[in-house]
Amino acid sequence: MNAKPPVENHLSSPESRAFSHVDTWVFDLDNTLYPHTSRVWPQIDERITLYVADLFGLDGISSKALQKYFYHKYGTTLRALIDEYDIDPQDFLDFAHDIDHTDIELNASLGAAIEKLPGRKLILTNGSRKHAENVAKKIGILDHFEDVFDIAASNFVPKPERRAYESFLDKHGVEPSRSAMFEDIAKNLTVPHELGMTTTLIVPKTIDPFRESFEQEAVKTPEIDYITNDLAEFLRQYALLLK
């Protein structure tokens with residue numbers, strides 16, 4: 001049975017895969033496990049722009065344009081700077097993630113929903129382990145996760161490249177056909193779905209002015225099984241169905 005949660009904030013495709021077989025739950029971090037009102041990503045984005053400006057001696061507008069060029073061509077600015085300029089990736093990550101966590105709120109409902117999911121829970125992020133652990137701890141969900149697979153663990157190969165997912169699956173012994181992936185960027189779910197994972201796209205409840213529009217779209221494609229703007233409620237509904 002492939003039941004759907006009776007909540008208007010959740011959408012599913014007619015051919016969407018079920019969760020009844022899932023024993024490993026994989027979550028992206030940024031803009032997936034917290035809402036944009038937490039003001040995490042705008043700070044990171046600004047820090048990356050500052051890093052680029054300092055590295056190349058550019059003004060703010062020029063460094064922002066170069067940063068976005070890197071992002072669209074390489075998947076992450078970090079990957080571009082490693083490949084083209086041989087920077088120290090750890091210096092970049094430490095600088096980019098040196099942010100204020102004040103606006104990140106404890107999310108007890110999300111923690112309870114994740115805790116009730118049967119099986120393993122893992123974070124798969126293009127950010128650093130330290131950043132993921134700091135943010136997840138502030139949300140109140142860190143203890144529910146077995147481990148964090150960060151950009152360093154993938155040898156700085158970012159999602160959506162297939163190698164990033166394959167490295168993750170190999171390291172943690174995850175069977176993709178028995179796992180589910182939760183992400184906020186549609187293109188990052190293409191490979192997971194091809195590998196056999198059940199996929200869910202997380203979209204914001206309100207427009208995030210600090211992110212590009214394509215990163216917030218409720219994209220309905222065969223590679224996306226479910227779409228939700230309320231992760232905690234979505235997980236709660238499916239945890240009930242799995243009982």
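Using a 4.0 Å cut-off between charged side-chain N and carboxylate O, D147 and R120 make no salt bridge. In summary, D94 and R47 do not engage in a salt bridge, as defined by a charged side-chain N under 4.0 Å from a carboxylate O.
Annotation: F19 is in aromatic contact with Y226 [ring centroid separation under 6.0 Å].
H144 pairs by the ring-ring contact (aromatic ring centres under 6.0 Å, His included) definition with nothing, not counting sequence neighbours. In this structure D59 satisfies the side chain to side chain donor-acceptor pair (under 3.5 Å) test together with S62, sequence neighbours excluded. In this structure L169 satisfies the side chain to side chain contact (heavy atoms under 4.5 Å, CB included) test together with V174, P176, L195, sequence neighbours excluded. With sequence neighbours excluded, no residue forms a side chain to side chain donor-acceptor pair (under 3.5 Å) with Q216. Taking N107 as the reference, S109, L110, I139 meet the side chain to side chain contact (heavy atoms under 4.5 Å, CB included) condition, with sequence neighbours excluded. Applying the salt bridge (charged side-chain N to carboxylate O under 4.0 Å, His left out) rule to E194 yields the partners R162; only residues at least two apart in sequence or on another chain are considered. In terms of the salt bridge (charged side-chain N to carboxylate O under 4.0 Å, His left out) criterion, D225 has no residue partners (sequence neighbours excluded). Under the rule for a side chain to side chain contact (heavy atoms under 4.5 Å, CB included), A108 has no partner lying at least two apart in sequence or in another chain. Under the side chain to side chain donor-acceptor pair (under 3.5 Å) criterion, D150 pairs with no residue at all, not counting sequence neighbours. For E161, the salt bridge (charged side-chain N to carboxylate O under 4.0 Å, His left out) partners are R163, not counting sequence neighbours. Y165 pairs by the ring-ring contact (aromatic ring centres under 6.0 Å, His included) definition with nothing, not counting sequence neighbours. By the side chain to side chain donor-acceptor pair (under 3.5 Å) test, K121 is found to be paired with no residue, residues two or more places apart in sequence or in another chain being considered.
Annotation for D143: atom CG does not count as buried by contact number, only 12 or fewer foreign heavy atoms lying within 6.0 Å. Counted within 6.0 Å of CG on D86, heavy atoms from surrounding residues, nucleotides or ligands total 12 or fewer; the atom is thus considered open. A 6.0 Å sphere centred on CZ of R39 holds no more than 12 heavy atoms belonging to other residues, nucleotides or ligands. Surrounding CZ of F56 are more than 12 heavy atoms belonging to other residues, nucleotides or ligands, all under 6.0 Å away. The local environment of NZ in K187 is crowded, with over 12 non-hydrogen atoms from other residues, nucleotides or ligands closer than 6.0 Å.
Hydrophobic clustering keeps V157 apart from V26 (ILVMFWY residues linked when any side-chain heavy atoms are closer than 4.5 Å, directly or through intermediates). Grouping the Ile, Leu, Val, Met, Phe, Trp and Tyr side chains by contacts below 4.5 angstrom, directly or via other members, places L55 with Y69. By the criterion of side-chain heavy atoms lying less than 4.5 angstrom apart, applied directly or through intervening Ile, Leu, Val, Met, Phe, Trp or Tyr residues, F95 is grouped together with I99 in one hydrophobic cluster. When hydrophobic clusters are built by joining Ile, Leu, Val, Met, Phe, Trp and Tyr residues whose side-chain heavy atoms come closer than 4.5 Å, directly or via intermediates, L66 is grouped together with I48.
Side-chain contact, Q67 with T77: no donor N or O sits under 3.5 Å from an acceptor N or O.
Between the side chain of S38 and the backbone N or O of V40, no donor-acceptor pair lies under 3.5 Å. No donor-acceptor distance shorter than 3.5 angstrom exists from the side chain of R129 to the backbone of A152, with no hydrogens or angles considered. For T200 (side chain) and F182 (main-chain N/O), no donor-acceptor pair under 3.5 Å exists by modelled atom type.
Ring geometry for H131 against H97 counts as parallel: the plane angle stays under 30°, on a 0 to 90° scale with 60° as the upper cut. Using the six-membered ring where Trp is involved, F70 and Y74 have ring planes that are perpendicular, over 60° apart on the 30 and 60° scheme.
Residues S154 and F149 form a side-chain contact, since some pair of their non-hydrogen atoms from C-beta on lies under 4.5 Å apart. E175 has its side chain out of reach of T24: every pair of non-hydrogen atoms, C-beta onward, lies at least 4.5 Å apart. No side-chain heavy atom of V148 sits under 4.5 Å from any side-chain heavy atom of L29. Within the 4.5 Å cutoff, the side chain of E223 has no heavy atoms near those of the L189 side chain. Side-chain contact between H21 and T198 is present, with at least one heavy-atom pair separated by less than 4.5 Å. K205 is listed as a side-chain neighbour of D230, based on a closest heavy-atom distance under 4.5 Å. Contact check for D184 versus W41: no side-chain heavy atoms found under the 4.5 Å cut-off. At least one side-chain heavy atom of L235 sits less than 4.5 Å from a side-chain heavy atom of I114.
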Applying salt bridge (charged side-chain N to carboxylate O under 4.0 Å, His left out), run through E133 and K130 and close with a yes or a no. CA-CA 5 Å; E133 290 178 344; K130 181 179 179 182; over 6 Å; no
Taking it one step at a time, do I44 and F210 satisfy side chain to side chain contact (heavy atoms under 4.5 Å, CB included)? CA-CA 11 Å; I44 296 173; F210 296 100; over 6 Å; no
